[in-house]
> 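I'd like to ask you about the structure that follows.
For ligands, and for the atoms within them, numbers begin at 1 and follow the listed sequence. Computed from heavy atoms alone, side chains included, the values below leave out hydrogens, waters and symmetry copies.
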Amino acid sequence: MDASQASRTDTAGEAHAEQPGRRVPVYAPSLIGRERDYVLECLDSTWISSKGRFIAQFESGFSAFVGVPHATSVCNGTVALHLALVALGIGPGDEVIVPTLTYVASANAVTYTGAKPVFADCRADDWQIDPADVARKMTPRTKAVMAVHLYGSAADLDSLAALCARHDVALVEDCAEAIGTLYKGRHVGGHGRVSAFSFFGNKTITTGEGGMVLTRDPDLHERIGRLRGQGLSTYREYWHDVVGYNYRMTNICAAIGTAQLERVDDILQAKRALAALYREMLRDLPLTFQADGPEVTSSYWMVCILTRTPAERDALRTKLARDGIETRPLFPPVHQMPIYHQPGECHPVSDDVSARGLNLPSWPGLSLADVTYVCQSIRAFYAAAAARADEH
Ligand SMILES: *Cc1c(COP(=O)(O)O)cnc(C)c1O
């Protein structure tokens, strides 16, 4: 799938946007490699729990893919973040700066430690955490800054790393949405002290549920590994010298992950082609795509667009839903939720972007016909709006 194919179907243009019964989900995992074979191997060998060959294989394979030497697999991305923060020694009385425009797990992981998430606004063009606002939110209690690489693009890592170094706080990367994203040609996940990935069913590669913690620091890695497995001591059986967790990944999940990793380059290529196709086919409409910083090579986890107004976003989503096309709104900013809201707190850029943004169907197995269908439906929406404006 590439942009040249896009213009060919564009001019063909005879398909009708409304095709009863047609459904285009916003996401579906691509499980067409050796996932099934490897899972059956787990069942046949009885290695279905958290020991077995796929655990080590997936950890070393993922570590090599990202280019960070130490990897710890865990049972989801949220606990990957929690483990990273606990291993850094973050706890009650501490503050961690997180973007408000993110999935709620980024903030929840901070709350689990007893520390307080302090929200920062995002930038208007790439929607990533705004380093200028992070600088304003630094206090003597700040222990870490969480860079969330949103929707497959990447945060401004150089500015954040410089800021963290100046204040002597840890930079944590939430890479749940950024498998395969590059910053200055290097994978995200190796630019801070520690990073967390997610392999939920709609992430770029999946294990069903799963996560990974990566670090270059061997001592931190050792703590992360011990905390993952109930804080087991290294010198005595069933002897636990810290209160740890059971956050282990199963061999079955790692088996799926191993098969996914064999195809990660193909998946990323398909997603980048998809993003290019949407840009090409929707080029002349009054829509704004998420921008990427100058140092960023996005993996386009989700293709995101902004409409001109919140009402237009909602009307467009309704039209797409009527055509069987599933979309998602951008995340509501976490500071708006009653569980996190503080009186007087305001993040105008995140509020605005969130209210006008939506995710288009973005999974790697989408056919050219599917993308064409989605784009025709969007074009029909704007054509109808223009016709209505002309009547008045
Ligand atoms: C998906 C996601 C997570 C959490 O991952 P789970 O595997 O669902 O627990 C954390 N942060 C962000 C930004 C995410 O998108």
Side-chain angles (χ1 to χ4, degrees), residues 26-29 58 62 71-86 96-113 117 119-120 122 126-129 144-155 157 160 171-181 183 188-189 191-192 194-214 228 245-250 252-254 256-257 260 271 290 296 298-304 328-335 337 340 350 353-354 357-359 362-363:
V26 75
Y27 220 92
F58 186 42
F62 196 74
T72 308
S73 60
V74 293
C75 51
N76 62 60
T78 308
V79 304
L81 283 171
H82 181 217
L83 216 47
L85 296 171
V86 173
V96 177
I97 301 175
V98 299
T100 183
L101 188 66
T102 184
Y103 180 58
V104 72
S106 313
N108 282 350
V110 175
T111 304
Y112 301 157
T113 67
F119 296 109
C122 68
D126 63 1
W127 319 340
Q128 308 295 328
I129 189 168
V145 173
M146 191 185 290
V148 181
H149 305 305
L150 207 61
Y151 297 120
S153 195
L157 284 164
L160 294 170
L171 177 60
V172 176
E173 290 177 84
D174 179 346
C175 304
E177 303 179 2
I179 295 166
T181 301
Y183 182 84
V188 300
H191 298 260
V194 59
S195 63
F197 287 82
S198 164
F199 309 114
F200 182 67
N202 69 7
K203 296 291 161 70
T204 296
I205 65 169
T206 184
T207 61
E209 293 274 5
M212 194 80 78
V213 191
L214 295 185
R228 171 184 66 174
Y245 309 89
N246 176 0
Y247 280 175
R248 294 181 295 258
M249 175 180 273
T250 67
I252 296 175
C253 289
I256 298 171
Q260 289 269 290
K271 290 178 75 79
Q290 180 185 20
V296 178
S298 179
S299 57
Y300 299 105
W301 172 54
M302 287 281 182
V303 176
C304 310
R328 291 281 159 78
L330 292 204
F331 300 121
V334 178
H335 80 275
M337 300 176 197
Y340 283 113
S350 298
V353 164
S354 167
L358 69 154
N359 304 141
S362 299
W363 40 292

> Within the structure, is a non-hydrogen atom of S106 found at a distance of less than 4.0 Å from ligand 1?
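Yes, that is the case, since the closest heavy atom of the residue is under 4.0 Å from the ligand.
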
> Specify side chain, backbone, both or neither for V79, according to which of its non-hydrogen atoms lie closer than 4.0 Å to ligand 1.
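Answer for V79: neither.
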
> Y247 vs Y245 aromatic rings, parallel, tilted or perpendicular, using cut-offs 30° and 60°?
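Answer is parallel, since the angle falls under 30°.
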
> Any N/O of F200 closer than 3.5 Å to an N/O of ligand 1?
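Such a contact does not occur with ligand 1.
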
> Got a sec, which residues hit ring-ring contact (aromatic ring centres under 6.0 Å, His included) with Y112, two or more places apart in sequence or on another chain?
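Expected list: H82.
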
> Have a look at ligand 1 and work out which part of N76, if any, has a heavy atom under 4.0 Å from it: side chain, backbone, both or neither.
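For N76, the contact with ligand 1 is made by both the backbone and the side chain.
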
> In terms of ring plane angle, is the pair F119 and H335 parallel, tilted or perpendicular, where the classes change at 30° and 60°?
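The rings of F119 and H335 sit tilted, inter-plane angle from 30° to 60°.
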
> Under a heavy-atom criterion of less than 4.0 Å, does K203 contact ligand 1?
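Flag set, K203 near ligand 1.
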
> Who pairs with R328 by salt bridge (charged side-chain N to carboxylate O under 4.0 Å, His left out), at least two apart in sequence or on another chain?
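So R328 forms a salt bridge (charged side-chain N to carboxylate O under 4.0 Å, His left out) with E326.
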
> As an exercise, identify every atom of ligand 1 less than 4.0 angstrom from a heavy atom of T102.
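The atoms of ligand 1 under 4.0 Å from a heavy atom of T102 are 13 (C).
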
> I need the Y27 OH to W301 CH2 distance, nearest 0.5 Å.
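Spacing of OH (Y27) from CH2 (W301) equals 8.0 Å.
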
> Out of all atoms in ligand 1, which are within 4.0 Å of some heavy atom of S198? Include the element for each.
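Close to S198: 1 (C), 5 (O), 6 (P), 7 (O).
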
> Measure the distance from atom 9 (O) of ligand 1 to every protein heavy atom, then report the residue, atom name and distance (to 0.1 Å) of the closest one.
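The answer is T78 OG1, 2.5 Å.
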
> Can you tell if the side chain of F199 reaches within under 4.5 Å of the side chain of I205, non-hydrogen atoms only?
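They are in contact (side-chain heavy atoms under 4.5 Å apart), so the answer is yes.
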
> Is the side chain of T113 donor-acceptor paired with the backbone N or O of V110 at a distance under 3.5 Å, no angle test?
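A pair under 3.5 Å: yes.
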
> E177 to ligand 1: N or O pair under 3.5 Å?
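So ligand 1 has an N or O lying under 3.5 Å from an N or O of E177.
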
> Using heavy atoms and a threshold below 4.0 Å, how should the contact between D174 and ligand 1 be classified: side chain, backbone, both, or neither?
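Contact part for D174 vs ligand 1: side chain (C-beta onward).
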
> Using a strict cut-off of 4.0 Å, indicate which atoms of ligand 1 neighbour a heavy atom of V148.
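What qualifies from ligand 1 is 13 (C).
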
> Would you say the side chain of Q128 lies within less than 4.5 Å of the side chain of Q290, judging by non-hydrogen atoms?
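Heavy-atom side-chain distance check passes, below 4.5 Å.
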
